[in-house]
**Student:** 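Please read through the structure below; I'll follow up with questions.
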Amino acid sequence: MPQHTRQRFFILFVALINLGLATALIANGHAGIPLGVIGIALLPLAWLTGRNPAVATGDQQGGDSYAA
């Protein structure tokens, strides 16, 4: 399984866990909204993980990250 697929599944897993915990907390009268917001915010990140992996970043192109 490619690395970006594992990353996508892990982020999706964390997002779904956050949404589940938020639902359980809200159902029991506690403040679960912040966990729900984080879970919803992670869903697009899981979708975008690994998109267009052929595009190389600056480090992969051989450039240095230090200022001149």
Side-chain angles (χ1 to χ4, degrees):
M1 183 182 305
Q3 179 73 22
H4 60 87
T5 303
R6 287 188 300 228
Q7 290 172 343
R8 183 176 291 169
F9 282 140
F10 179 75
I11 295 171
L12 183 63
F13 174 73
V14 171
L16 292 176
I17 290 294
N18 276 340
L19 289 172
L21 285 173
T23 303
L25 285 171
I26 291 169
N28 288 322
H30 298 288
I33 299 293
L35 283 175
V37 170
I38 292 170
I40 291 171
L42 285 174
L43 289 175
L45 181 65
W47 175 254
L48 293 174
T49 302
R51 292 300 225 193
N52 200 5
V55 175
T57 62
D59 291 336
Q60 293 171 341
Q61 293 173 352
D64 60 19
S65 60
Y66 299 104

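Quick note: numbers below take in every heavy atom, side chains included, and nothing from hydrogens, waters or symmetry partners. Throughout, numbering of the chain's residues begins at 1 and tracks the sequence.
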**Student:** How does the hydrophobic cluster around W47 look, that is, which other residues are in it when side-chain heavy atoms under 4.5 Å mark a link?
**Tutor:** L48

**Student:** To the closest 0.5 Å, what do you measure between CG (L12) and CD (Q7)?
**Tutor:** 13.5 Å

**Student:** Can you list the other members of the hydrophobic cluster that holds M1, where links are side-chain heavy atoms under 4.5 angstrom apart?
**Tutor:** F9

**Student:** Donor-acceptor pairs under 3.5 Å, side chain of residues 13-34 to any protein atom, not counting sequence neighbours: which ones?
**Tutor:**
unit_1	atom_1	unit_2	atom_2	d
T23	OG1	L19	O	2.8
N28	ND2	A24	O	3.1

**Student:** When rounded to the nearest 0.5 angstrom, what is the spacing between CD1 in I11 and NE2 in H4?
**Tutor:** 12.5 Å

